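Each chain gets a letter, A, B and so on, in the order its sequence line appears, and its residues count up from 1. Note that this is a predicted model, so its numbers are computed, not measured.
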Number of protein chains: 2
Amino acid sequence: MVMELSNYSKIFKALSNEQRLKIFLTIYRQCQTSGVAKPTAGFTVSGDGPCCLGDGSIDRAFTKMCDCMDLSRSTISHHFKELQNAGLITCVREGQNFRCRVNQDVIDAIKAFLG
Amino acid sequence: MVMELSNYSKIFKALSNEQRLKIFLTIYRQCQTSGVAKPTAGFTVSGDGPCCLGDGSIDRAFTKMCDCMDLSRSTISHHFKELQNAGLITCVREGQNFRCRVNQDVIDAIKAFLG
DNA sequence: TCGAGTGTTCTAATTATCTCGAACTATACT
DNA sequence: AGTATAGTTCGAGATAATTAGAACACTCGA
């Protein structure tokens, strides 16, 4: 996957906000295509328990995330859009909610980019 | 290497600016500890030739980077500081100049973080 | 169809980032 | 010492990011 440098900076920017990074990790860990939770290695989140989404999906993500992240719906919506815009996640509507998944290609591209 | 989530967002923030990312790549590709240029995979830089630093080191980096990146010395200095602050690079003074290297541990931590 | 729940869009305020230029400090060479 | 070269710090302006709240639109169940 070959991208412009500006794409990479855009991706890094999407992950540069701690709240947004938390959202991304929630999706990444709980909503893998394999259905298996993929633990993201080597980090701790001080003062925070696991996000309240624990049913293996991120249905009703926005509202639930509002509760556990102390951010408004509009802010969470904006963060989701940023992540989508960077190509990191894809969301498809399922009724009232969304089903989101991480684009593994992009993750792999970042890792390749970093050597 | 276990870090707080905030450390990761800090690292991503450091790489989120395209100019700074360009600086980082210049160091990464030309200043590896092995002494071997490490090509960073999977990206193109539209409209830009290779950075003018082509002698295998980044001596006189600031001034040269000013020339080829069209940024002032103070701005470049600031960007270097950001990269150091995030732990991505380490710079030691050598006379009038600096010798910089990328902290491979941090790069590896990012890759592990991304699964 | 009405109400509750969910996500979006717009607006606005606060805060942070990027950048430069000027003045400054440090080093090297003569 | 004097000069040239290198990088730093400070101040300030412009631009961008973060966030909330209000008003809106969509979906589902009764």
Spacing between B:Arg73 atom CZ and C:dC24 atom P, to the nearest angstrom: 14 Å

Test side-chain contact (heavy atoms from CB on, under 4.5 Å) on B:Leu114 and B:Ile110; report intermediate values, then the result. CA-CA 6 Å; B:Leu114 292 175; B:Ile110 297 172; 4.1 Å; yes

Take atom CG of A:Leu15 and atom P of D:dT18, then tell me their distance rounded to the nearest Å. 12 Å

Give the rounded distance in Å between these two atoms: CZ of B:Arg99 and C1' of C:dT27. 16 Å

Taken to the nearest whole Å, CD/B:Gln19 to P/D:dA16 is 14 Å

Quick one: does A:Arg101's side chain have a donor or acceptor within less than 3.5 Å of a partner on A:Thr90's backbone? no

Side-chain N or O of B:Thr75 closer than 4.0 Å to phosphate OP1/OP2 of C:dT19: no

Atom CG of B:Asn17 to atom P of C:dT17: distance rounded to whole Å? 11 Å

Please work out which of the three classes, parallel, tilted or perpendicular, describes the rings of B:Phe12 and A:Phe12, given edges at 30° and 60°. parallel

Distance check needed: D:dT8 C1' versus B:Glu82 CD, whole Å only. 15 Å

With nearest nucleotides of DNA chain C determined for A:Arg93 and B:Arg20 from heavy-atom distances, which residue corresponds to the more 5′ nucleotide? A:Arg93

Are any of B:His79's side-chain N or O atoms less than 4.0 Å away from OP1 or OP2 of C:dT19? yes

So, B:Thr75 versus B:Ser72: side-chain donor-acceptor pair below 3.5 Å or not? yes

Between D:dT18 (P) and A:Ile76 (CD1): distance, integer Å: 13 Å

Nucleotide D:dC28, atom C1' - distance to CZ of A:Phe98 in whole Å: 15 Å

At less than 4.0 Å, is any side-chain N or O atom of A:Lys81 found next to OP1 or OP2 of C:dT9? Yes or no. yes

Distance below 4.0 Å between A:Ser74 side-chain N/O and C:dT8 OP1 or OP2: no

